[in-house]
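Below, read A as the first sequence line, B as the second, and so on, with proteins coming before strands; counting in each chain starts at 1. Values in this document were obtained by computation on a predicted structure and should not be read as measured data.
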Amino acid sequence: MSSARESLPGTPRPAAPRPESPQRPLPVVEFHDVSKVFNPGTPGAFTALEHLTFSIEDFPGRGEFIGIVGPSGCGKSTFLNLLAGFKEVSPPTSGEILVRGRPIQGPGIDRGMVFQKYSSFPHLTVRQNVRFGLEINRKRSGLSDAVIESEARQWIEKVGLSGHEDKYPHQLSGGQQQRVAIARCLALKPRILLMDEPFSALDEPTRLDMQKLLVELWVEIEATVFLVTHSITEAVYLGDRVWIFTRSPGRIGKEFRDIPVSPRGVPALEFQKSGAFQDAVQRVAAEFRAVDQTMGASTAKAR
Amino acid sequence: MSDPKEAAKQAWGSKLIIRGRITRWGKVLLGIVPIVLIIGGWALLTTGVAEERVISPLILPSPWEVVTSFPSLWFQAELSRSIVASAWRVVLGFGAALILAFPLGIAMGAFSRVRALFEPLAVFGSYLPIPTLVPLTMSLFGIGELQKVMFLGLAFFIYLLPAFVKAVDEVDDVYLQTAYTLGVTQWQAVWHVLLAIARPGLVHSMRMGFGIGWTYIILAEMVAADRGLGQIIIIAQRRGPREHIYLVLLVIVAIAFLVDRLWIYLSKSLFPYRGVK
């Protein structure tokens, strides 16, 4: 059953090899004038994204963390899904999406994704869930069972789920389920991590724990992260940059590149009380309101 | 908690409350009431000497007469052999339906094109009155054993196919999308995601289908069955004793209930992770 050797449409390809050229390395992600219109040419046509152009450089040894906020229905999720290559939104109506210089052809293990919905496979234990991706890619990676097992154990430990290996998802809390999803995704060492409101369904203390976990892991995995959230505080806390998307049609209405970075060793809550952080949140929030009101929507949320 | 007086008070003492609480005992007590009323009314209508009854014993024998006719059902009508014969037909029909409905249902649930191909037929089938399949299968397969199995198989198939499709449908897209980002191919997605996650739903469909299909056994055995629960009813209707009709109905319900318990047990031991939903 699992011996489909031919490359089917939508079949993920192995991650593009890192270009070794001594010159400027290729950007990790490039969007060239990307637009996405749903149901084009019908009365129900809806422009989710319009003329989206940007380029994220590959910094050696560390990826960038981009926090994305915006009013609901602004195409944030469409953006992530396009980058993931899901068939529900792919290909874009116009424009080009490149990952390390190559156009994307469907989902792939170089782009991991964590969803807001709990996505742990319900019939597998925590260990089996984390092993899933490693086992599926076994032919390609040539990993032995012992290596897979130790990788899985390490990731379970890193996300703080040691002792829960043999539990099924229904026995876990929401936060623990998201930890499983993160471990399962990071075990494949994706170069790009897409997160679609991963902590939105969690209660506040759990949310803070998860943010802390993500910061710790991010340092280690050095991936480029795109995190969509409805929490400005979260975007500012986690992001190197913050993007504000405009309401339909979605565009990057404003980019903040001067976001204060959490210093090592300072607890999240303490850092979030600092003036620099509060100031950044205020600036983003003010801009959020401005973008929301000026960029066309008659239904803009009035505060 | 288990004080009967308290339970009675619970059951009758207060007003009707929408989705009100009810204790276990209160529930049992209330559930027994209509049964007692029905059997009481039945006994009342069939009391006295045969000639003076409100309803003739030829139409409705008394509860006592029904119960005491069990030995004749067991020995003369050979109930146990009939149960085996009927159960065997149902199992064969169920198996035949499964062989076709399972792969087709999975394929329809997984691939939109396969679904588009067969959906109109499935809709037609779901509105088809099952009893019309009796003459249909008779003209196709004669009146022998094959017709009975085929009739049951068709009835099962018509129920199972859309139920299987729905079970696959209910697997959330988020699992598929997650699996794709983890590197699965299409076929791996069908096997490791759709089929794997839909398993409890598929077994649930089989359970419901089996329960419904089992009750069609009477239709299957209406004509030219040399043995079976349906055949006992037909004989009892023509030649009596009437008591057997009522007893066989009880037997069919009892078997359906017990088999359903078995399915639940099977489901629980196969899918321990479904503990909390």
Look up atom [atom1] in [X] and atom [atom2] in [Y], then write down how far apart they are to the nearest 0.5 Å.
X       : Y       : atom1 : atom2 : answer
H123(A) : L195(B) : NE2   : CG    : 9.5 Å
L194(A) : Q177(B) : CG    : CD    : 11.5 Å
Y273(B) : T125(A) : OH    : OG1   : 12.0 Å

Would you indicate whether the side-chain heavy atoms of [Y] and [X] approach each other to under 4.5 Å?
X       : Y       : answer
L182(B) : L188(A) : yes
Q188(B) : I136(A) : yes
C185(A) : T181(B) : no

If you tally heavy-atom pairs under 4.5 Å against chain B, which of P122(A), G133(A), A84(A), A187(A) wins?
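Most heavy-atom pairs under 4.5 Å with chain B: P122(A).
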
For the candidates E88(A), K87(A), K167(A), R184(A), which exhibits the highest count of non-hydrogen atom pairs separated by less than 4.5 Å from chain B?
R184(A)

Could you tell me which portion of F121(A) (side chain, backbone, both or neither) has an atom closer than 4.5 angstrom to a non-hydrogen atom of chain B?
both

By a 4.5 Å heavy-atom criterion (distance strictly below it), what part of S120(A) contacts chain B: side chain, backbone, both, or neither?
backbone

Take a 6.0 Å sphere around NE2 of H164(A) and say whether it holds more than 12 heavy atoms from other residues, nucleotides or ligands.
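Yes.
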
Counting heavy atoms not belonging to F111(B), are there more than 12 under 6.0 Å from its CZ?
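For F111(B), atom CZ is crowded (more than 12 foreign heavy atoms under 6.0 Å).
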
Let's test your reading of the structure: which of I197(B), V171(B), L176(B) forms the most heavy-atom pairs below 4.5 Å with chain A?
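Between I197(B), V171(B), L176(B), the count favours I197(B).
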
Please verify the inter-ring angle class for H192(B) with F132(A); under 30° counts as parallel, over 60° as perpendicular, anything in between as tilted.
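Perpendicular, since the angle between the ring planes exceeds 60°.
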
